[in-house]
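Heavy-atom basis, side chains included; hydrogens, waters and symmetry copies ignored. From a predicted model like this one, the values you see are computed outputs, not experimental measurements.
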2 protein chains.
Amino acid sequence: MSPIKLDERDIKILATLSREGRLSKSELAKRVNLSATPCWERLRRLEKAGIISGYHAQIELRQIAPHVSVFVMAELENHRASTFQAFEKAIDSYPEITACWALGGGFDYLLQVVTRDIDSYQRLIDDLLQRRAGLARYFTYIVTKPVKQAVLPPLDVLLAAPPKRK
Amino acid sequence: MSPIKLDERDIKILATLSREGRLSKSELAKRVNLSATPCWERLRRLEKAGIISGYHAQIELRQIAPHVSVFVMAELENHRASTFQAFEKAIDSYPEITACWALGGGFDYLLQVVTRDIDSYQRLIDDLLQRRAGLARYFTYIVTKPVKQAVLPPLDVLLAAPPKRK
DNA sequence: GTTGAAAAGGATAAAAC
DNA sequence: GTTTTATCCTTTTCAAC
């Protein structure tokens, strides 16, 4: 699965930086109970391996711009490979579509859209429909309140040995 | 709306750090065509105002642990304030529930859950149901492919003057 | 793995423009 | 706003254990 073996300290490094991405390397070393040099080597190894793929500032959008966040359940016109491809390409071209997942189950895709207001959202959807990007039906769910937003799922739980079954 | 006026340079700083959160301050200054001192002051102002609320390393989960990501559309048993409260409190106690939004429209909440496998997901849901946290009905959508994940919606679009209507 | 040291560069603050 | 300068701290590398 993983080309790299991670021990507890690596996990600690990942968990720490996922929460405090701008920690200095000397501070990081203290947090994970390592001296600077080996900690620095581990970090470089994690970055080189692509396990840490970047660092991002968290911007509080609501502090700077009024906006609405909308989730969209989308159904395509058909399930031809070319239709999926065209749809995903179209999705990619809208910066307001901030996330997209292909789903198993009742719908083909879940989209997250962030726009200035509902009007702008509807214009985006109309545009998507007019482009014949494969979208057949869609359901709109407006976010009324962000309740929870974790940075990372619990690595220890995911990496622990799977539970025994009888 | 905002207690702080942002000019183009502030926006540039935000956009830059949202993509490259570990840029040194001198590098950042170059990117936004400012010298170190004023750039540093702007950054401190943005952090103090809570517009930048943190920095996070991006971890490539699929490189280190097998897992499934699941979206759940949830309906509560009723719409009493206490029910909402109890549900949100319950949600908060599961680290595997990595995100939760309250919705307007056909469902009450959208959840994102990350677990080791489908079994673990189902156990989490069963646990949530048994706890009588207010969950009445739920629909499960398994993520088969992450298609797009932007760091930030387009700030320039959100902050631009609203379009004229006739 | 560890410490310690040393060179290079970045962060911060104050001056003067 | 800018540059310059000064100081201090962090990063990074290296040698030695």
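Distances shorter than 4.0 Å separate some side-chain N or O of A:R42 from OP1 or OP2 on C:dG1.
Atoms CG (A:L28) and C1' (D:dT11) sit 13 Å apart, rounded to a whole Å.
No side-chain heavy atom of A:D92 sits less than 4.5 Å from a side-chain heavy atom of B:V147.
Taking the salt bridge (Lys or Arg N to Asp or Glu O under 4.0 Å) definition, one finds that A:E27 meets it with A:K30, A:R31, sequence neighbours left out. Remark: B:F84 engages B:H79 in a ring-ring contact (aromatic ring centres under 6.0 Å, His included) (not counting sequence neighbours). B:H67 is linked by a side-chain hydrogen bond (donor to acceptor under 3.5 Å, both in side chains) to nothing, counting only residues two or more places apart in sequence or in another chain.
Checked by atom type, the side-chain pair A:T37/A:S35 shows no donor-acceptor distance below 3.5 Å.
Side-chain heavy-atom separations under 4.5 angstrom define the hydrophobic clusters, and A:V157 shares its cluster with no other residue.
Here the two rings, on A:F71 and B:W101, have centers that are under 6.0 Å apart.
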Test side-chain hydrogen bond (donor to acceptor under 3.5 Å, both in side chains) applied to A:Q112 and A:Y141, step by step: CA-CA 10 Å; A:Q112 185 177 21; A:Y141 302 95; over 6 Å; no

Base-contact (B) and sugar-phosphate-only (S) positions in nucleotides 4-15 of chain C, heavy-atom cut-off under 4.0 Å, - elsewhere: B-----SSSSB-

For DNA chain C, the dot-bracket pattern of Watson-Crick and G-U pairs whose distances stay under 3.5 Å, | for other-strand partners: ||||||||||||||.||

